[in-house]
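The next block holds one structure in the form of structure tokens; read it before the comments.
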Amino acid sequence: MSIFKLAPACKNYIWGGQKLKTRYGKQSPDDIVAETWELSCHPAGMSVVACGEYAGLTLPELIRIRGRAILGENCRRFLDFPILVKFIDAAGSLSVQVHPDNAYARTHEGQNGKTEMWVVMDCEPGSFLYFGFSRDVTREELARRIRENRLTEILNRVEVKKGDVFFIAPGTIHAIGAGILIAEIQQSSDVTYRVYDFGRLGKDGKPRELHIEKALDVLKLAAEGPQADFGGHLGKCDYFVVDGLSVAGAKSDYADGSSFHALLFYEGAGEMRQGAETLPFRMGDCFFVEAGSGPYEVRGEGRYLKIRIPARK
């Protein structure tokens with residue numbers, strides 16, 4: 001079988017909650033699970049094959065054994081595995097932050113920058129997030145407001161509902177608010193510049209580190225414009241294309257040689273079928289489907305995201 005169920009790396013950041021354990025059945029010794037890295041080759045947290053012949057191997061190990069051809073032709077332009085897929089449970093607000101582009105991150109951090117997108121899985125009534133600036137600002141005003149703890153006054157505050165999608169280009173200031181459960185698809189990078197953290201203390205009892213000068217270097221200072229049209233996809237960029245799909249019965253699909261498929265289930269239950277072989281799924285599960293493995297089916301009832309690597313523009 002060329003379909004692999006993955007187990008995530010779990011992160012217990014201080015703002016996390018318990019929904020990923022109670023709702024999605026994630027296994028962690030920690031009371032708090034802030035993020036689960038469902039599809040990841042990043043050294044800070046690799047996903048692992050959950051069952052079958054290759055159970056216990058990390059995703060990079062699986063790729064080495066099966067060969068890079070399982071990633072597909074569209075991945076050949078990337079030196080490293082290009083994406084990271086997460087669930088995020090924000091019981092508390094995340095810091096106000098920004099991500100650099102590739103050029104800046106490679107120069108200053110030795111890794112890639114970060115383009116990302118969010119799909120809101122669920123949220124508490126009245127939940128909101130910050131996404132861009134509400135008006136144009138200058139670097140000088142921004143630096144002053146950070147010093148004076150008045151940054152949020154000029155951020156674009158957006159109340160959210162289930163199903164909302166946000167595409168976050170490098171340089172866009174943002175923060176997930178409390179009470180929001182999100183699926184995040186991003187470049188495989190862990191570079192974040194924290195701009196403002198509400199005076200919060202870390203696990204060591206000290207204020208968490210801010211990265212003001214680097215953030216000022218990369219922030220886009222114009223007001224946030226409307227979201228782009230992705231031509232029927234939930235999101236699309238050089239690194240990933242994401243579609244929202246549902247099944248009620250059986251849905252046929254086909255993994256050609258261009259890209260692997262990653263399927264992230266967030267509602268329902270059923271099974272993945274390839275030939276005579278099957279793998280069960282439930283909400284919260286993530287599967288890796290090898291490029292070039294041909295036809296497969298999703299059977300049951302549920303909703304899921306399908307993530308692929310697009311051809312070069």
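Along the sequence shown, residues are numbered consecutively beginning with 1.
Between the side chains of Asp197 and Gln97, no donor N or O sits under 3.5 Å from an acceptor N or O. Side-chain contact of Thr36 with Glu38: a donor-acceptor pair under 3.5 Å is present, judged by distance alone. With hydrogens and angles left out, the side-chain atoms of Asn156 and Tyr130 include no donor and acceptor closer than 3.5 Å. Tyr54 and Arg66 share a side-chain donor-acceptor pair at under 3.5 Å.
Glu35 pairs in a salt bridge (charged side-chain N to carboxylate O under 4.0 Å, His left out) with only one of the listed residues (Lys26, Lys86, Lys11, Lys19), which is Lys86. The only member of Phe260, Phe240, Phe288 that meets ring pair (Phe, Tyr, Trp, His ring centres under 6.0 Å) when paired with Phe81 is Phe260. Residue Met121 is tested with Ile182, Ile180, Leu181, Leu264 for a side chain to side chain contact (heavy atoms under 4.5 Å, CB included); the sole match is Leu181.
Leu71 is listed as a side-chain neighbour of Ile63, based on a closest heavy-atom distance under 4.5 Å. Between Leu142 and Leu216, the closest side-chain pair of non-hydrogen atoms falls below 4.5 Å. Using a 4.5 Å heavy-atom threshold, the side chains of Phe230 and Val165 count as separate. Counting heavy atoms from C-beta outward, Pro82 and Cys75 have side chains that approach closer than 4.5 Å. Lys114 has its side chain out of reach of Pro100: every pair of non-hydrogen atoms, C-beta onward, lies at least 4.5 Å apart.
For Glu271, the CD atom is densely surrounded, since the number of other residues' heavy atoms within 6.0 Å is greater than 12.
Note: His261 and Tyr296 have perpendicular aromatic rings, judged against thresholds of 30 and 60 degrees for the angle between ring planes. Aromatic ring pairs are classed by plane angle as parallel below 30°, tilted from 30° to 60° and perpendicular above 60°; the pair Tyr193 and His211 is tilted. Relative ring orientation between His99 and His174 is described as tilted, the plane-to-plane angle lying within the 30° to 60° band. Aromatic ring orientation, Phe281 versus Phe265: parallel (interplanar angle below 30°, classes split at 30° and 60°).
In summary, Asp285 and Arg282 do not engage in a salt bridge, as defined by a charged side-chain N under 4.0 Å from a carboxylate O. With respect to Glu153 and Arg150, a salt bridge is recorded, a charged nitrogen being found less than 4.0 Å from a carboxylate O. Between Arg106 and Asp101, no side-chain nitrogen of the basic residue sits less than 4.0 Å from a carboxylate oxygen of the acidic one, so the salt-bridge criterion is not met. One finds no salt bridge joining Glu140 and Arg144 here, because no Lys/Arg side-chain nitrogen approaches an Asp/Glu carboxylate oxygen to under 4.0 Å. Ion pair Glu267/Lys162 flagged as a salt bridge, since at least one NZ, NE, NH1 or NH2 atom sits closer than 4.0 Å to an Asp/Glu carboxylate oxygen. Salt bridge Arg23/Asp89: absent, no basic N to carboxylate O contact under 4.0 Å. Contact check on Arg200 versus Glu209 returns no salt bridge, with no Lys/Arg side-chain nitrogen under 4.0 Å from an Asp/Glu carboxylate oxygen.
Taken together through direct or relayed side-chain contacts under 4.5 Å among Ile, Leu, Val, Met, Phe, Trp and Tyr, Ile3 and Leu245 form part of one hydrophobic cluster. Each of Phe128 and Met117 belongs to its own hydrophobic cluster when Ile, Leu, Val, Met, Phe, Trp and Tyr are linked at side-chain heavy-atom distances under 4.5 angstrom. Both Val98 and Val137 belong to a single network of hydrophobic side chains, linked directly or stepwise wherever heavy atoms of I, L, V, M, F, W or Y lie under 4.5 Å apart.
In plain terms, the two heavy atoms of Ser93 and Ala178 that are nearest each other are OG-N, 3.4 Å. The minimum heavy-atom distance between Lys220 and Ala169, with the atom names listed, is NZ-CB, 4.0 Å.
One N or O on the side chain of Gln27 and one on the backbone of Gly25 form a donor-acceptor pair closer than 3.5 Å. The main-chain N or O of Gly45 is found under 3.5 Å from a side-chain atom of Ser40 such that the two form a donor-acceptor pair. Under the 3.5 Å distance criterion, the side-chain polar atoms of Glu277 are matched with a main-chain donor or acceptor of Met1. A donor-acceptor pair under 3.5 Å links the side-chain atoms of Gln111 to the main chain of Asp190, judged by distance alone.
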Step by step, would you call Glu73 with Arg68 a salt bridge (charged side-chain N to carboxylate O under 4.0 Å, His left out)? CA-CA 9 Å; Glu73 284 293 317; Arg68 281 187 61 89; over 6 Å; no
When you look at Tyr304 and Tyr266, which way does the ring pair (Phe, Tyr, Trp, His ring centres under 6.0 Å) test go after all the steps? CA-CA 6 Å; Tyr304 59 101; Tyr266 59 93; 8.3 Å; no
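Phe4 and Phe287 have their aromatic ring centers separated by at least 6.0 angstrom.
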